[in-house]
Colleague: 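Okay, handing you the structure first.
Just so we're on the same page: letters track the sequence lines, and every chain starts at 1. In what follows, every heavy atom counts, from backbone to side chain, and hydrogens, waters and symmetry copies are set aside. The model shown is predicted, which means the values in this text are computed figures rather than measured ones.
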Amino acid sequence: VSFAVLPVWAALLLMAAAGAAAVVLFRLKVRPPRVAVPSLVLWRRVLDATRELTWWERVRRAVSLVATAAIAVAIALAVARPGPRLGAASAGRTLIVLDSSWSMLAESSLGGTRWDRAVALARRLAAAAAEGEVAVATTAEGLVEGPTTDLALVETALLQIEPTGGEGGAWPKVAGADAVHFVTDGALSRSLDPGVVVHSVFDAADNVAITAFGAGGATTDRSPAEAYLEVANYSAASQRARLVVSRGTTTVLDQPVDLAAGEAVRQVVPLAGGSGGRVMARVTAPRNALAIDDEAVAWIPGAEVLNVTVVSTDPSALALLFEREASVRATFTSPAAYRAGREDVVIFDRFLPADAPRRPALVIAPGATSWIGERGPEETNPQWAPASRHPVLDGVDLLTLDVKRARPVTGPGLTPIARSQKGTPLVQVVDDADRRYVVVAFAVADSNLPYAQAFPVLIANALEWLARPHYGMLARPGIATLPATVSRVTAPDGSAVAVSAAGGRTSAIVTRPGLYLVEAGGSRGVLGLNVSDPEMSNLARTHVPGSGSSEGEDAGAGLPWWMLAVALAFSLMAIEWLTWQRRITV
Amino acid sequence: VLRFEDDFLKKLEYLHVVSKRAFAGQNRADRLARKRGRGMEFADHRGYAPGDDFRHIDWKAYQRLNRLLLRLFDEEQDLPIYLFVDTSQSMRQPAKFDQARRIAAALCYIGLAHLDRVTILPFGDDLGDETAPGRGKGRIFRVFELLEAMEAKGPTDLREAFMAFAGRTRQTGLAVVISDFLDPHGFEQGLKMLGSMGHEIFVVHVASQADRDPGALGDVRFVDAETGELRDIDVTPGLARAYQDAWETHTSDLERFCGRYNFGYVRADAEQPFEQVILKTFRQGRFIA
């Protein structure tokens with residue numbers, strides 16, 4: 001036996017003290033209540049009569065004494081949180097690693113979640129190793145506490161950590177660890193060092209999950225946006241689930257679906273109704289142990305309406321382009337009338353304001369030297385050189401663009417993403433933490449841009465990158481690597497996610513499924529995270545070998561021992577009370 | 001406490017205390033006395049002796065028999081009734097003491113209504129001051145006041161009390177003992193002594209629930225109401241049953257004792273309605289008719 005909150009010797013001492021105190025209290029001569037009777041004549045006769053004591057009358061006081069002591073010991077035992085002995089107690093340094101995968105949030109048929117049982121198991125492991133140092137780590141966050149000999153610190157850490165789903169990176173290590181215990185449900189396959197003692201908290205559970213979800217934008221007027229959905233029933237029995245898909249605030253699908261045991265249903269859902277880029281799917285089912293995989297999100301790039309201000313003396317080509325584009329709400333203004341506003345993107349066509357704009361900007365043929373940089377030498381009939389990969393040029397066939405004259409600018413922060421064969425920068429970007437621009441070195445009138453197939457693609461890419469870049473969908477929680485210019489990441493619940501910049505990139509640890517808002521240089525991009533992991537959602541399977549009969553089964557299954565001790569104490573108290581009321585016991 | 005309803009008093013007036021024997025009274029009343037005298041009921045003849053009142057000579061018999069015969073009549077006198085009321089501490093329970101005093105009051109009223117000579121004698125371990133309210137039912141209110149003023153205190157000793165009673169010269173009559181008979185020295189000696197004085201004894205055994213049932217279970221410190229003696233007893237269900245058995249034995253012993261010595265016995269529980277005790281129980285016990 002080991003104890004979760006006390007060393008073994010302290011727990012035994014506590015029980016002995018409780019039992020002794022109960023015995024002392026039992027034997028204390030309590031002053032009995034006084035009852036006046038008319039006469040003791042008859043009592044004297046009764047007591048003087050030689051009445052043979054029954055067997056029970058002879059032993060009942062001893063039985064009551066034993067029962068009272070047993071109640072005290074059982075309560076002390078419950079307080080000490082006993083459990084089966086978990087391996088040999090180490091007097092050295094012990095590392096306890098808890099599996100942070102989302103499957104640990106699954107409801108257990110034994111009460112609580114797998115995580116609750118894992119924490120309880122970790123407590124007992126820590127108590128068993130209390131003679132040495134204990135360190136606590138998770139697979140997502142690495143080392144969270146220790147090594148320490150202070151069990152209170154370990155307890156605090158165990159209360160604070162929770163499954164975050166991610167695999168933080170390398171397996172947590174503590175120098176000089178004599179014993180490493182890994183508490184897991186075995187949902188995910190891991191290769192572990194031979195010395196790691198695995199404790200399983202697995203117990204099979206039924207689950208229904210969204211295992212795949214994605215969305216694509218409309219390609220033509222007749223081909224609306226679509227979502228792809230896959231729902232699986234990891235249950236031994238068929239069950240009816242309910243699927244709900246919504247776009248923005250509009251529900252576009254709400255239907256029941258019958259899922260056979262082990263069946264996965266795949267469905268393409270037209271997103272004809274609704275608006276906006278946010279798409280969400282939800283499944284509900286009666287036997288569904290894990291909630292976190294019941295929701296999935298997707299983002300349709302370019303589906304959000306952008307407010308664009310065009311500052312130009314001749315915006316006819318852009319006006320014609322935006323006239324057919326429902327996702328762009330364009331406002332046209334002359335350079336003389338331009339005032340900085342709260343638009344998503346501003347387009348400066350052959351014009352630059354005196355001061356650098358605070359909003360993301362597409363600058364076409366900036367012309368004279370200004371805040372953006374100095375004017376470079378003009379090149380006539382520049383020929384496109386192979387361009388670098390950049391979201392602005394994604395899908396743009398530059399070779400279809402004929403440019404008569406290019407007037408580049410050079411300045412700090414300007415990064416060419418497309419050049420002429422002579423090296424003249426033709427398309428440049430500014431990607432700083434506080435500004436984001438796309439600079440095109442040639443005017444619309446100096447090229448065949450209005451008639452080229454690349455024109456709408458280039459403008460759409462530029463607007464999307466400037467205003468609402470899509471940073472993709474993550475399949476698993478963990479560290480999201482983002483551009484260095486990212487200044488803030490906001491979680492789905494509105495809380496700020498800590499970001500750190502290193503090596504020219506920004507990193508953010510994303511742990512909760514949903515859409516994250518990523519802000520960089522005035523843009524408000526989107527990063528998505530879904531669970532969508534069949535391996536994790538299948539709660540009827542484990543990778544821990546022999547977890548049905550191993551030490552872990554003993555450790556995690558069944559009612560906790562302290563509950564049994566409490567039940568025993570209360571049962572004894574109830575029996576003692578009832579029999580005392582009838583004076584069967586004393 | 002001791003006031004009776006008028007209806008109930010009327011019912012009492014139709015009752016009278018039954019005495020199996022005739023006792024000599026002091027005053028004329030409506031109860032047959034042992035001696036011949038000037039009553040209304042013819043009893044016998046006897047020969048005339050000088051000095052006899054010749055108003056009682058049966059002249060018709062003289063005519064037939066030519067002998068002077070004197071007509072004798074039964075004397076109708078009052079009956080001496082001694083009401084012994086236990087005022088020891090064991091009677092202190094209100095229900096029990098009230099029942100005893102009500103019974104005493106009712107018997108007293110019946111006696112007064114029939115011109116009997118009633119004497120009320122409170123007793124504990126000694127005989128208290130006796131009270132003879134007089135004759136006639138109008139005296140009942142004095143009796144009520146007397147009984148209300150009674151206080152239950154002191155121990156019980158029937159033998160001492162009746163010994164004190166024997167020391168006082170008085171006529172034999174009907175002695176009614178109203179008590180719980182929880183005498184540490186036993187009830188036998190006292191009752192025997194009272195019976196040996198020539199009185200007709202009638203025992204009214206007043207008991208309450210507290211006498212019959214220990215009530216409390218578990219560790220209890222019992223306090224004897226009379227002596228103040230303390231006794232710590234772990235009352236188990238078995239012991240409680242043994243006590244109840246002891247109580248039943250005590251009751252049956254008393255009843256058997258009364259039967260053996262030809263004493264009347266009536267048990268009047270404190271919880272029993274008082275009218276039922278008087279009008280039913282006492283009649284069934286042939287104490288009143």
Colleague: Under the ring pair (Phe, Tyr, Trp, His ring centres under 6.0 Å) test, which residues partner Phe181(B), sequence neighbours left out?
Modeller: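 For Phe181(B), the residues satisfying ring pair (Phe, Tyr, Trp, His ring centres under 6.0 Å) (neighbours in sequence not counted) are His205(B).
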
Colleague: Are Arg34(A) and Val220(B) packed together at the side-chain level, in the sense that at least one heavy-atom pair is separated by less than 4.5 angstrom?
Modeller: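 Side chain of Arg34(A) against side chain of Val220(B), heavy atoms only: no contact under 4.5 Å found.
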
Colleague: Could you check whether any side-chain heavy atom of Leu42(A) comes within less than 4.5 Å of a side-chain heavy atom of Asp211(B), counting everything from C-beta outward?
Modeller: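 Side chain of Leu42(A) against side chain of Asp211(B), heavy atoms only: no contact under 4.5 Å found.
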
Colleague: Answer yes or no: does atom CZ of Arg159(B) have more than 12 heavy-atom neighbours from other residues, nucleotides or ligands under 6.0 Å?
Modeller: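 12 or below, so no.
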
Colleague: Rounded to the nearest 0.5 Å, what separation is found between the CG atom of Leu239(B) and the CH2 atom of Trp43(A)?
Modeller: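 One finds 4.5 Å between CG of Leu239(B) and CH2 of Trp43(A).
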
Colleague: Is there side-chain contact between Gln93(B) and Pro38(A), with heavy atoms separated by less than 4.5 Å?
Modeller: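 The answer is yes, as the side chains (C-beta and beyond) meet within the 4.5 Å cut-off.
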
Colleague: Between Arg45(A) and chain B, which part of the residue has a heavy atom less than 4.5 Å away: side chain, backbone, both or neither?
Modeller: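 The answer is the side chain of Arg45(A).
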
Colleague: Roughly how far, to the nearest 0.5 Å, is CZ of Arg231(B) from CG of Leu47(A)?
Modeller: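 These two atoms lie 5.0 Å from each other.
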
Colleague: Go through the steps for Asp183(B) and Val41(A) under the test side chain to side chain contact (heavy atoms under 4.5 Å, CB included), then give the verdict.
Modeller: CA-CA 7 Å; Asp183(B) 185 348; Val41(A) 172; over 6 Å; no

Colleague: Answer yes or no: does atom CH2 of Trp9(A) have more than 12 heavy-atom neighbours from other residues, nucleotides or ligands under 6.0 Å?
Modeller: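 For Trp9(A), atom CH2 is not crowded (no more than 12 foreign heavy atoms under 6.0 Å).
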
Colleague: Please list, chain by chain and in numerical order, all residues satisfying ring pair (Phe, Tyr, Trp, His ring centres under 6.0 Å) with Trp577(A), sequence neighbours excluded.
Modeller: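 With neighbours one apart ignored, the set is Trp580(A).
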
Colleague: Taking side-chain hydrogen bond (donor to acceptor under 3.5 Å, both in side chains) as the definition, give me every residue that meets it alongside Glu229(B), ordered by chain and number, with sequence neighbours left out.
Modeller: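 Partners of Glu229(B) by the side-chain hydrogen bond (donor to acceptor under 3.5 Å, both in side chains) criterion, ordered by chain and then number, come out as Arg44(A).
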
Colleague: Where do Pro33(A) and Asp219(B) come nearest, in terms of heavy atoms and distance?
Modeller: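 Shortest heavy-atom contact: CD-O, 3.2 Å.
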
Colleague: So Leu40(A) and Glu226(B), side chain to side chain contact (heavy atoms under 4.5 Å, CB included) or not? Walk me through it.
Modeller: CA-CA 9 Å; Leu40(A) 284 174; Glu226(B) 290 190 356; over 6 Å; no

Colleague: Report, in residue-number order, which members of residues 243-252 of chain B are under 4.5 Å from chain A by heavy-atom distance.
Modeller: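 The stretch touches chain A at Tyr243(B), Ala246(B), Trp247(B), His250(B).
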
